[in-house]
Amino acid sequence: MEPRVSDPGLFVGTIVRLADCLDAAGAPALLVGGLAVARHGYGRQTLDVDVLISDAHIAAVECRLRAAGFLNIERMENAVLFSAPSGGWRIDVLLTDSATFDTMRRRALPAALGGRMFAVPCLEDLLAMKIFSLRHGGARREHKDLPDIIQLIVANRSDLEKTVRPLCSRYADDAVYEKIRVGVEQCRTI
Amino acid sequence: MSDHLNFPALPSAAGTPPRVDIETYARAQDTLVEMMTPEQIAAQRARFPPPPRFTLRPPRPTGQQLTTNN
């Protein structure tokens, strides 16, 4: 399918406008959420544009997004949410400490979108985020994070013992590993 | 890897990880959302709040290798 360069659509348009604001704020960012999961081989619906930035840049990013007309700003401990001025797509700016962000950025992979270059976490870091969320994000997150983790592992043929168990030991626990292992083995037998 | 939404997989050499064409994936999101009512979108967002704040430093000792630099 040929990309419609002249008509990027509302979703891609929102991402490009976000990228302009991030550039103006001098804030490097990583695309996470559905876009990052897709970059690593599992396509599913998403309702938000999720980016990860360092705490150090949130004030400048919020200032730029506000100036660009982004509305309904909702501040949370772990994220700041913005609605696009044209309606529809919400931007979730997730926050982390600068040491974590810098390390993840060094290991990130490129992703081209809307004529711009972005970065997404490497597979292991994306799995770490999802495994951490599965353990610490409450019951509701399980229905989003567990399928993502299972599909990413299956799609990338990740080794459960060598890759997934150490991540679970570090960011979750044995119960989380067992849920993932069972799901992966069920998927691999289909 | 196409999965249930049938996003086209990019060609890749044998043994390399699969990828979804995220340009096509991203453009398809508008169409998918158009099939939902505002109420359905709001309900789905409410079901899935943003993930907890992530750090590469583990939140508690686990007996595994721990980072010591703060």
Side-chain angles (χ1 to χ4, degrees), chain A residues 1 3-4 8-12 15 32 34-35 38-48 50 52 76-79 81 88-90 92 94-97 99-100 103-104 111-114 123 125 128-130 132-133 136-138 140-141 143-145 151 155-157 166 169-171 173, chain B:
Chain A
M1 178 186 298
R4 294 163 294 156
L10 197 54
F11 185 72
V12 175
I15 295 169
V32 293
L35 281 161
R39 171 64 177 79
H40 286 289
Y42 174 47
R44 60 156 170 82
Q45 187 184 12
T46 186
L47 290 176
D48 314 293
D50 298 319
L52 179 73
M76 309 167 79
E77 181 267 340
N78 52 328
L81 316 183
W89 292 101
R90 193 179 77 183
D92 291 2
L94 309 183
L95 304 172
T96 189
D97 58 274
T100 292
T103 300
M104 292 177 68
L113 188 58
L123 178 62
D125 284 346
M129 289 183 75
K130 292 276 175 186
F132 180 82
S133 178
H136 301 280
R140 283 188 294 177
R141 289 291 315 182
H143 302 294
K144 173 168 278 189
D145 293 318
Q151 296 297 337
N156 290 277
R157 300 184 178 87
S169 296
R170 188 175 178 107
Y171 297 105
D173 53 31
Chain B
M1 181 68 186
S2 296
D3 288 301
H4 57 282
L5 293 178
N6 290 321
F7 294 113
L10 293 177
S12 59
T16 60
R19 286 196 293 154
V20 167
D21 175 357
I22 65 165
E23 189 82 42
T24 304
Y25 165 85
R27 290 169 190 270
Q29 297 307 309
D30 288 325
T31 303
L32 292 170
V33 161
E34 283 171 8
M35 295 188 287
M36 302 174 70
T37 66
E39 291 76 21
Q40 287 172 323
I41 293 171
Q44 190 161 319
R45 281 178 174 155
R47 279 198 296 276
F48 299 122
R53 181 185 171 91
F54 176 71
T55 176
L56 287 170
R57 291 170 294 173
R60 58 183 172 75
T62 63
Q64 296 287 317
Q65 179 185 354
L66 299 177
T67 55
T68 54
N69 56 322
N70 292 314

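Quick note on labels: first sequence line is chain A, next is B, and so on, each numbered from 1. Everything quoted here is computed from the prediction, not taken from an experiment.
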Practice problem: Specify the closest pair of heavy atoms between A:L35 and B:I22, including all atoms of both residues, with the distance to one decimal. | Solution: O-CG2, 4.0 Å

Quiz item: What part of B:P38 gets closer than 4.5 Å to chain A, counting heavy atoms only: side chain, backbone, both or neither?
Solution: neither

Quiz item: Step by step, would you call B:L56 with A:D125 a side chain to side chain contact (heavy atoms under 4.5 Å, CB included)?
Solution: CA-CA 8 Å; B:L56 287 170; A:D125 284 346; 4.1 Å; yes

Quiz item: For the residue pair B:V33 and A:T46, what are the closest heavy atoms and their distance?
Solution: CG2-O, 4.3 Å

Quiz prompt | N/O donor-acceptor pair under 3.5 Å between B:E23 side chain and A:G114 backbone | solution = yes

Practice problem: Identify which part of A:L81 has an atom lying under 4.5 Å from any heavy atom of chain B, answering side chain, backbone, both or neither. | Solution: side chain

Exercise. For the residue pair A:F132 and B:F54, categorise the inter-ring angle as parallel (less than 30°), tilted (30 to 60°) or perpendicular (more than 60°).
Key: perpendicular

Exercise. Please assess A:Q45 against B:M35 for the test side chain to side chain contact (heavy atoms under 4.5 Å, CB included), listing each intermediate value before the final yes or no.
Key: CA-CA 12 Å; A:Q45 187 184 12; B:M35 295 188 287; over 6 Å; no

Practice problem: Return the minimal non-hydrogen interatomic distance between B:P52 and A:N78, and the atom names on each side. | Solution: CA-ND2, 3.9 Å

Quiz item: What pair of heavy atoms forms the shortest contact from B:P51 to A:S133, and how long is it?
Solution: CB-OG, 3.6 Å

Exercise. Could you give me the CA-CA distance, side-chain angles and deciding distance for A:H143 and B:R47, then say whether side chain to side chain contact (heavy atoms under 4.5 Å, CB included) is met?
Key: CA-CA 9 Å; A:H143 302 294; B:R47 279 198 296 276; over 6 Å; no

Quiz item: Which atoms of A:L113 come close to chain B, meaning under 4.5 Å heavy atom to heavy atom: side chain ones, backbone ones, both, or neither?
Solution: both

Quiz item: Relative to chain B, which segment of A:A128 carries a heavy atom at a distance below 4.5 Å: side chain, backbone, both, or neither?
Solution: both

Exercise. Carefully, step by step, assess B:R53 and A:D97 under the rule side chain to side chain contact (heavy atoms under 4.5 Å, CB included).
Key: CA-CA 9 Å; B:R53 181 185 171 91; A:D97 58 274; 4.3 Å; yes

Exercise. Please answer whether the main-chain N or O of B:P49 pairs with a side-chain N or O of A:R140 as donor and acceptor at a distance below 3.5 Å.
Key: no

Exercise. Using atom types as modelled and distance alone, determine if a side-chain donor or acceptor of B:Y25 lies under 3.5 Å from a backbone N or O of A:R44.
Key: yes

Quiz item: What is the distance from atom CG of A:L10 to atom CD of B:E34, rounded to the nearest 0.5 Å?
Solution: 9.0 Å

Exercise. Name the member of A:K144, A:R141, A:K130 that forms the most heavy-atom pairs with chain B at distances under 4.5 Å.
Key: A:R141

Quiz item: Of the backbone (N, CA, C, O) and the side chain (C-beta and beyond), which part of B:A46 lies under 4.5 Å from a heavy atom of chain A, both, or neither?
Solution: backbone

